[in-house]
Structures are given as structure tokens and as C-alpha cells.
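Written below as C-alpha cells is the structure these notes are about.
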Amino acid sequence: MDLSTSLSLATPELIIAVGAMVLLMLGVYSSERMNTTISVLAAVLLLVAAGWMLLNPQDGSAFNDAFVSDPFSRFMKLLALVGSAITLIMSLSFARQEKFDKFEFPVLILLSTLGMMLMISANDMLTLYLGVELQSLAIYVLAAINRDSLRSTEAGLKYFVLGALSSGMLLYGISLVYGYTGNTGFEAIAEALTGAERQLGLVFGLVFVLAGLAFKISAVPFHMWTPDVYEGAPTPVTAFMAAAPKMAAMALTVRATMGAFEPIAADWQQIVVFIAIASMALGSFAAIGQTNIKRLMAYSSIGHVGFALVGLAANSEAGVRGVAIYMLIYLAMTLGTFAFILAMRRNDRNVEQINELAGLAATNPAMATVLTILMFSLAGIPPLAGFWGKWYVFLAAIDAKLYALAVIGVLTSVVGAYYYLRIIKIMWFDEPVGAFQPMAGELRVVLGLSGAFVLFYVLIGGPIGAMAGAAAKTFF
């Protein structure tokens, strides 16, 4: 395979890599006045890469099968690119108000997104590891980027230490898989596992690889970093972490299980079922006592990852389609909610306590209405988008005869609805504590679009389902 074919398949990645280097140079050699411009240029660059992928869809594998481009990778990359671009745009007003507009911020987001795109297209254990590390190293720095804040520094350090532990587990798992199969390529591993006697060491390797990936999607029992890092990191960084990297890590988990480990599906299905149940349960029960809205969103994200994994546990085309649709809907709901959290400002500073929302319906009915729609959707109330996300993954689980998993999913959904409804009750029925400052224009746009998507999902669900279906066919 010639180099030019490989490079043309990896054009979106090259656009981001070269763009990040150019913006880094621009930031180093220009004045501080350019910082906002660099953020805008970075967001444009991400959307250009997404546009290129839509206009030039290419299928094939590159770099000796280490990198693959197919409908599934394109679907998930679009989610990651759009998630990164929107979080960059949302951070503009926060950066100005909090003296946070450093040019390193957009450059790190670009490098992290590049790592995500490598993760989504990984077809080899080494590409998988390189993608995960590039994505993670940039996020460690982002979490601690606000050096004047003790909370931010602590969040970055916690994430780094626990991330290093998960990296070690992932590498150990990869080395075991390589030792027992003699290969690092996903297809070659699947071939080596087909028909061969299953060895215990290989199952250990699988467990360690899945443990490393579960850390990245913050699934139980590897979720311990999530609430502290979400709370401590600057809010735009939390919005970014809750949105784009989740898409990449989930795509990578699907690709590794459906590709490399497909012949030993019976083994990884048990692990995924356990992780899904534990994540749904912890996400639902642990969020009940939270008073900080960012911590609440952390537990909410753990729960949503559990729901998405229900689709993967089904090990079917309908299951993968369900995961793809779920991640798209989760991205829209999360971006809208974080646009709202970024707009919670009083006396020129951000407030994060849930009781600060008291009586919002009286002081800003439009904001309260959109957040109510998003909360209902996160809780999975029909006919909003969140309901359809759960509908597809539970349907796939029932088709795969995983009845207990689907029932537990529905029950934890009911428990989770409590803390979303509590926020709605505080906004509409409690005594007002004072108005928030006017919302920045870009946040208003994101909140409005997110609310509209969630509300009118029924009208656009058909084409989205078709795209997700085409993405799922990649593995079957």
C-alpha cells in the first residue's frame, strides 16, 4: 500500500495536526490580543476537518492496516469534532471573564481531538495506545490549566496519577494479548482467536484492556476520578471532557470488542454487562445527594455510559446502532447542559451550587424552560431525544435475550429521574435568589440548538437512525 493512499485516508487528522502546529506558532509569536482569534480559528479548523470527511468519504485501511476509515469511524469522528468545536466556542466568554484566554487552551484541545480521531480509527493495539495517550496527555494539562486555582491543580494531578495507572493496565493487557496471539492488529488477533482453544492468560489480557478502556469512558469501577476532576477542572474543560472524549473512548471500546475480540464475545459480554449494571446503578444512586451541579453531571455521565454499554452488551448490529444513536443524543444533551452551567454567573463569578437555581423560572423563564427540557430528556421522558436513546439500547438488549439487563436499566432510569426532577422543582417552585447575569451570545445559541434538537428529535430521528445503521453495518 503506497503512502499517498494512506495519507489521503488520514487527511482530517493531518488537517488538525498541521493546524495545531501553525496555531501554536501563531500563539507563541503574537501578542495576547490574538488569543481569542486562535480559539475561533481552532474551532473553524475542527469544522473544516468534519466538512472534509463529509464531502470526501473514503473507506479503506492505511499504514499497514494500523488505521482504518469506514462508516462507523466517520460517524463517531463527526461527533468528536463537533463536540470539540462547540466546547471551544462555548469557552470564549468564560475565558474573557475569568482571565483564562491562553492560546495553549485551543491548541491542547486540537491535540486531544487528534488523539481521539486516532482512537476511533485504531485497527491495531499500538495505534489504540498512541491515540489514548495523545488524547489523555492533553486533557491532563487542560484539567490543571488554571494554575491560580487550587481545585484545578488538584483535579489535574488526580487525573494524571489515576490516568497513568489505567495506562499501565491497558499496556499490560495489550502485552498479554500480544503474547498469546502473536499479533497487535485487530484482524490478526481475531483470526488467531477463531477456532483456537481459549487460554486463561488471554482472558486476563482482555480484562486488563477493557479495564483501561473503562477508565477512559469513566465506567464503574474505574470512575473514581470523574466527580473530583469534573468539579475541580475549569468549567469549559469539564464541558469538553464530558462531551468529545466520551465519543472516542466509546467508539474505541466498540471497535476493540467487535473487531479484535469478536471470537471470544462470550467472555467480554459478561464483563460489559457487569460494567453496565454497576455504572447505571452508581450513576443513579450516587447523584441523589450531590449539591454541586458539576459533580451531579459527573455521576449523570457515569450513568449514561452504563446505558450506552447496554447496547454493546447485546453484541448485535442493533446494539452498535443503539450505541451510536445514544452517544449522539448524549452529546447534544451534555453540550446544552454545560452551556447553561457556564451561564450561571452572579456578581461576575460562576456559581456551581444547585440551590443557586432557586426560582429561575421567575427571573429567566426562557433559560429555565430550556434546562427543563434538557433535564426531562436526560431522565429519559418521552417523546424527548433521551427517551429514544434508551429505547434503542434496551430494545437491542431484549433482542439479545438480556432481559435482566434491560429491566435493571429501566429501574435505574426511574431512580435517576429523581435528581433531574429535583432540579426542575428547584427552578420552578422555590423562592427566587436573584437573577443571573445576561447570557453570552454563543451560549444562548448552543443552549437553544440543544433544546431544539432534544425537543424535535422525533422529526429528525429517521435520517439519524439510518446513518447510525450504516455505521453499525461496518462490523457485520
Under-4.0 Å salt bridge between E317 and R321: no
Separation between CG of L252 and CE of M119, rounded to the nearest 0.5 Å: 5.0 Å
Side-chain donor or acceptor of T253 paired with backbone N/O of L213 under 3.5 Å: no
Nearest heavy-atom neighbours spanning M250 and V305: CE-O, 4.0 Å
Beyond-backbone contact of W391 with P382, side-chain heavy atoms, under 4.5 angstrom: no
Pair S218-K246, side-chain donor/acceptor within less than 3.5 Å: yes
Contact check, side chains of V351 and R345, non-hydrogen atoms, under 4.5 Å: no
Contacts of W225 that satisfy ring pair (Phe, Tyr, Trp, His ring centres under 6.0 Å) - sequence neighbours left out: Y159, F215
Salt bridge (Lys or Arg N to Asp or Glu O under 4.0 Å) between D70 and K473, intermediate numbers included: CA-CA 10 Å; D70 52 33; K473 280 194 173 65; over 6 Å; no
Side chains of T113 and Q135 in contact at under 4.5 Å (non-hydrogen atoms): no
Test item: I426 and N355 side chains (from C-beta on) under 4.5 Å apart, heavy atoms: no
Polar contact flag, side-chain donor to acceptor under 3.5 angstrom, Q437-D348: yes
Test item: side-chain donor near acceptor, S300 and Y420, under 3.5 Å: yes
Residue list, ring pair (Phe, Tyr, Trp, His ring centres under 6.0 Å) with F94, at least two apart or on another chain: F100
Parallel, tilted or perpendicular, as decided by the 30° and 60° cut-offs, for the rings of F67 and F63: perpendicular
Contacts of F453 that satisfy ring pair (Phe, Tyr, Trp, His ring centres under 6.0 Å) - sequence neighbours left out: Y457
Whether Y326 and H304 hold their rings parallel, tilted or perpendicular, with breakpoints at 30° and 60°: tilted
Charged N-O contact under 4.0 Å between D228 and K294: no
Parallel, tilted or perpendicular: rings of Y392 and W388 (30°, 60°): tilted
Any donor-acceptor pair under 3.5 Å from S91 side chain to L88 backbone: yes
Closest contact, heavy atoms only, M280 versus G303: CG-O, 4.1 Å
Donor-acceptor contact present, side-chain R346 to main-chain F436, <3.5 Å: no
